[in-house]
Amino acid sequence: MSKEYIENIGDNHIPTSVDTPLRADAFDKTDEEKIKNIQHYFGKIMEELGLDLSDDSLSGTPYRFAKMYVKELFYGLDPKNKPKLSTFDNKYGYKKMLVEQNITIDSACEHHFLPITGHAHIAYLPKDKVVGLSKINRLVDYYSHRPQVQERLSLQILKDLQETLGTEDVIVMICAKHLCVSSRGIKDKSSFTTTIEYGGCFVEEAKRNEFIDIVNSQVL
C-alpha cells in the first residue's frame, strides 16, 4: 500500500464497511492489559518526539492517554458496554413523528484519530413499541465512542434503532466538524459535514422535509 494511497483514503474519508472493522481477538485481552500495552507504546511515541518523560508533567501522560483511549474515548468498541434499549408498549397509540434533536456527538475520525464533534437529530414513527428518550442519547454516545467515519456512524445508529423499534420509519441526521479537516490538510476552520440516513416513510420527500423543518426550527 503506497503512502499516496494511504493519504487518499484519509483525506477523502473513505469508509470500508457498515460494521466497525474489528479483529477476531479484539476482546481477548482485559482492559487493564490493553491499558498497560498502550501506555508502553505511547511512551515510546513521546520519546521519539523528543519529549522528556522524567518531567513531572509528562511522566504520567502515557498512562493517562492509555486509560482515556480504552475507558473513555473508545469504550464503544466493546459490545459489553452497549446500553440496553428497553422498549415499552405504545399504550398511548401515538403514531406521529417523535424527534430527539441536538444529541451530542463526541467521536474520533478513524483515519487520523482526531475529534469529530457535533450533533445528531433522530426521529421515528412509533408502531407497537416506543423507547425511552434518554436511551436514544445513550445509543448515539455508544456508537460515537469508537474510531468512526460519519457515514458509518449514521448507518449504525439507524439500523440499531430500526431493529430495536421493529420499524423502518427512522431517520438519522448528523452535523459535525472534523478536526482532521480543520487542523490539518486543508485546515478549513468553518466547514462541517452533514449526513442523513433513513428508511420507511422517510423515503417520502414530504416526510423528510417535515423532519428537517422541525430540526431547523430548534424549538425548545
Side-chain angles (χ1 to χ4, degrees), residues 1-84 103-120 137-157 160 174 176-189 193:
M1 186 181 296
S2 70
K3 292 181 180 178
E4 181 180 358
Y5 179 74
I6 292 172
E7 291 287 357
N8 185 56
I9 289 177
D11 287 342
N12 289 287
H13 296 244
I14 299 172
T16 57
S17 170
V18 174
D19 297 319
T20 301
L22 286 170
R23 293 186 350 207
D25 63 350
F27 308 110
D28 288 354
K29 295 176 183 176
T30 66
D31 285 354
E32 288 67 30
E33 288 174 315
K34 291 179 180 180
I35 290 171
K36 181 179 179 181
N37 289 335
I38 294 172
Q39 176 182 351
H40 170 75
Y41 288 115
F42 191 70
K44 294 297 183 182
I45 290 173
M46 293 178 67
E47 289 177 351
E48 288 298 321
L49 291 172
L51 295 170
D52 181 4
L53 291 181
S54 68
D55 182 86
D56 288 344
S57 180
L58 295 178
S59 60
T61 298
Y63 170 75
R64 289 189 293 265
F65 177 91
K67 181 182 177 184
M68 175 184 68
Y69 260 41
V70 174
K71 295 288 191 180
E72 299 174 80
L73 292 188
F74 300 132
Y75 87 90
L77 285 171
D78 195 333
K80 77 173 185 290
N81 294 325
K82 184 178 179 181
K84 181 175 175 56
I103 304 170
T104 300
I105 294 290
D106 185 6
S107 191
C109 165
E110 70 178 30
H111 298 123
H112 298 94
F113 274 43
L114 287 173
I116 301 172
T117 58
H119 294 91
N137 299 60
R138 292 182 186 278
L139 187 71
V140 171
D141 190 72
Y142 169 71
Y143 281 116
S144 296
H145 280 80
R146 54 175 68 178
Q148 274 292 10
V149 177
Q150 187 170 326
E151 297 93 327
R152 179 194 294 137
L153 176 58
S154 302
L155 283 165
Q156 288 177 335
I157 296 168
D160 201 310
I174 295 177
K177 292 183 70 66
H178 295 242
L179 256 70
C180 60
V181 173
S182 63
S183 64
R184 58 161 300 282
I186 188 64
K187 296 185 179 179
D188 189 322
K189 304 296 184 184
T193 302

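Quick note: numbers below take in every heavy atom, side chains included, and nothing from hydrogens, waters or symmetry partners.
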Results of side chain to side chain contact (heavy atoms under 4.5 Å, CB included) for Thr30 - residues two or more places apart only: Glu32, Glu33
Any residue meeting side chain to side chain contact (heavy atoms under 4.5 Å, CB included) with Ile103, in chain and number order, not counting sequence neighbours: Glu100, Ala120, Ile122, Ile136, Asn137, Val140
Measure the spacing between CG of Asp31 and NZ of Lys36 and express it to the nearest 0.5 Å. 15.0 Å
Shortest non-hydrogen contact between Ser154 and Ile174, atoms and distance: OG-CD1, 3.5 Å
Distance (rounded to the nearest 0.5 Å) between Tyr142 OH and Tyr75 OH: 8.5 Å
Which residues pass the side-chain hydrogen bond (donor to acceptor under 3.5 Å, both in side chains) test with Gln156, not counting sequence neighbours? Thr20, Gln148
Is the shortest heavy-atom distance from the side chain of Pro62 to the side chain of Glu47 under 4.5 Å? no
Can you sort out the partners of Ser59 under side chain to side chain contact (heavy atoms under 4.5 Å, CB included), two or more places apart, ordered by chain and number? none
Working note: Phe42 + Arg64, criterion side-chain contact (heavy atoms from CB on, under 4.5 Å); need CA distance, chi angles, decisive distance, verdict. CA-CA 10 Å; Phe42 191 70; Arg64 289 189 293 265; over 6 Å; no
So with a 6.0 Å cut-off around OH of Tyr41, is the heavy-atom count from everything else above 12? no
Mind checking whether Leu155 and Arg152 have side chains closer than 4.5 Å, heavy atoms only? no
How close do Leu53 and Gly43 get, heavy atom to heavy atom, and via which atoms? CD1-O, 3.6 Å
Stepwise side-chain contact (heavy atoms from CB on, under 4.5 Å) check, His40 with Asn37: CA-CA 5 Å; His40 170 75; Asn37 289 335; 5.8 Å; no
So how far is it from Thr61 OG1 to Ile45 CD1, rounded to the nearest 0.5 Å? 13.0 Å
Using every non-hydrogen atom in the two residues, find where Leu58 and Asp52 come nearest and quote the distance to one decimal. CD1-O, 3.5 Å
For Phe74, all residues meeting ring-ring contact (aromatic ring centres under 6.0 Å, His included), sequence neighbours excluded: Tyr69, Phe113
Beyond-backbone contact of Leu153 with Ile105, side-chain heavy atoms, under 4.5 angstrom: yes
The salt bridge (charged side-chain N to carboxylate O under 4.0 Å, His left out) partners of Lys82 (sequence neighbours excluded) come to Asp160
Residues in salt bridge (charged side-chain N to carboxylate O under 4.0 Å, His left out) contact with Asp78, at least two apart in sequence or another chain: Lys80
Who pairs with Ser144 by side-chain hydrogen bond (donor to acceptor under 3.5 Å, both in side chains), at least two apart in sequence or on another chain? none
Does a sphere of radius 6.0 Å around NZ in Lys67 hold more than 12 heavy atoms from other residues, nucleotides or ligands, not counting ones at 6.0 Å or beyond? no
With sequence neighbours excluded, tell me which residues meet side-chain hydrogen bond (donor to acceptor under 3.5 Å, both in side chains) with Lys44. none
Using side-chain hydrogen bond (donor to acceptor under 3.5 Å, both in side chains) as the criterion, list what pairs up with Gln150, not counting sequence neighbours. His178, Thr195
State the CD-OG1 distance between Glu151 and Thr193, to the nearest 0.5 angstrom. 8.0 Å
Looking at CD of Glu110 and CZ of Arg146, how far apart are the two atoms once the value is rounded to the nearest 0.5 Å? 11.0 Å
Residues in side chain to side chain contact (heavy atoms under 4.5 Å, CB included) contact with Leu114, at least two apart in sequence or another chain: His112, Leu179, Cys180, Ser183, Arg184
Could I get the full list of salt bridge (charged side-chain N to carboxylate O under 4.0 Å, His left out) partners for Asp141, not counting sequence neighbours? none
